[in-house]
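Nothing fancy with the numbering, it's 1 onward along the sequence. Just so it is clear, the structure is predicted and the values come from calculations on it, not from any experiment.
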Amino acid sequence: MFSNRSLLSALNYFSLFFAPLITLIFDYKEMKKHGKRAFIFQLIPTLTLIVIAISYYISAKLARTKTPNSILASGCTIVIFLITFGVIVWNVKEGVKQLKS
């Protein structure tokens, strides 16, 4: 049904854990490409969350309060949700594309 290489390439997109693991263990050029690509895209929500946490902290310090501006908090929550959802959809789409190849 699926070749081993296409299944392993697809696993890169389905799990943040599998991407670096598969890339390190198997020495297939195509899998390394997919592993690196998937890992970078899966880090986007994490990096966004770090930037948002820093902006929360700066916002609270500038306003001299313990909590960030509510508009900033609401907007950032929506942004992180949309980015995470987009990355999940992209990863599923790419994983299915690898299974079909």
Side-chain angles (χ1 to χ4, degrees):
M1 185 168 159
F2 302 118
S3 74
N4 287 341
R5 287 186 183 185
S6 68
L7 181 61
L8 291 173
S9 292
L11 284 175
N12 283 312
Y13 294 103
F14 293 139
S15 173
L16 182 59
F17 171 75
F18 285 116
L21 185 66
I22 291 172
T23 302
L24 291 174
I25 292 174
F26 297 98
D27 197 28
Y28 300 124
K29 186 177 180 180
E30 184 178 333
M31 273 189 262
K32 284 190 177 217
K33 179 185 91 172
H34 291 293
K36 289 176 186 176
R37 188 172 171 217
F39 186 70
I40 289 169
F41 270 90
Q42 291 168 353
L43 283 178
I44 290 172
T46 304
L47 297 175
T48 304
L49 193 58
I50 290 169
V51 169
I52 288 172
I54 291 169
S55 67
Y56 279 3
Y57 177 78
I58 291 171
S59 169
K61 285 295 182 188
L62 290 176
R64 295 190 175 127
T65 63
K66 291 185 179 184
T67 59
N69 181 318
S70 62
I71 294 172
L72 174 68
S74 299
C76 289
T77 302
I78 291 169
V79 167
I80 192 69
F81 173 79
L82 291 173
I83 289 173
T84 303
F85 183 75
V87 168
I88 290 169
V89 168
W90 181 85
N91 278 307
V92 169
K93 178 187 80 81
E94 291 297 315
V96 170
K97 188 164 78 172
Q98 288 306 308
L99 285 174
K100 288 181 177 181
S101 65

Inset, instruction - Verify the neighbour count for atom NZ of K61: are there more than 12 heavy atoms of other residues, nucleotides or ligands below 6.0 Å? - result: no
To the nearest 0.5 Å, atom CG of L43 lies from atom OG1 of T48 at 10.0 Å
- Query: Under a 4.5 Å side-chain heavy-atom rule over Ile, Leu, Val, Met, Phe, Trp and Tyr, are I78 and F81 clustered together?
  - Reply: yes
Connected to L49, directly or through other members, by ILVMFWY side-chain contacts below 4.5 Å are I52, Y56, L72, I80
With clusters defined by side-chain heavy atoms of hydrophobic residues (ILVMFWY) lying less than 4.5 Å apart, directly or transitively, does V79 cluster with F41?
yes
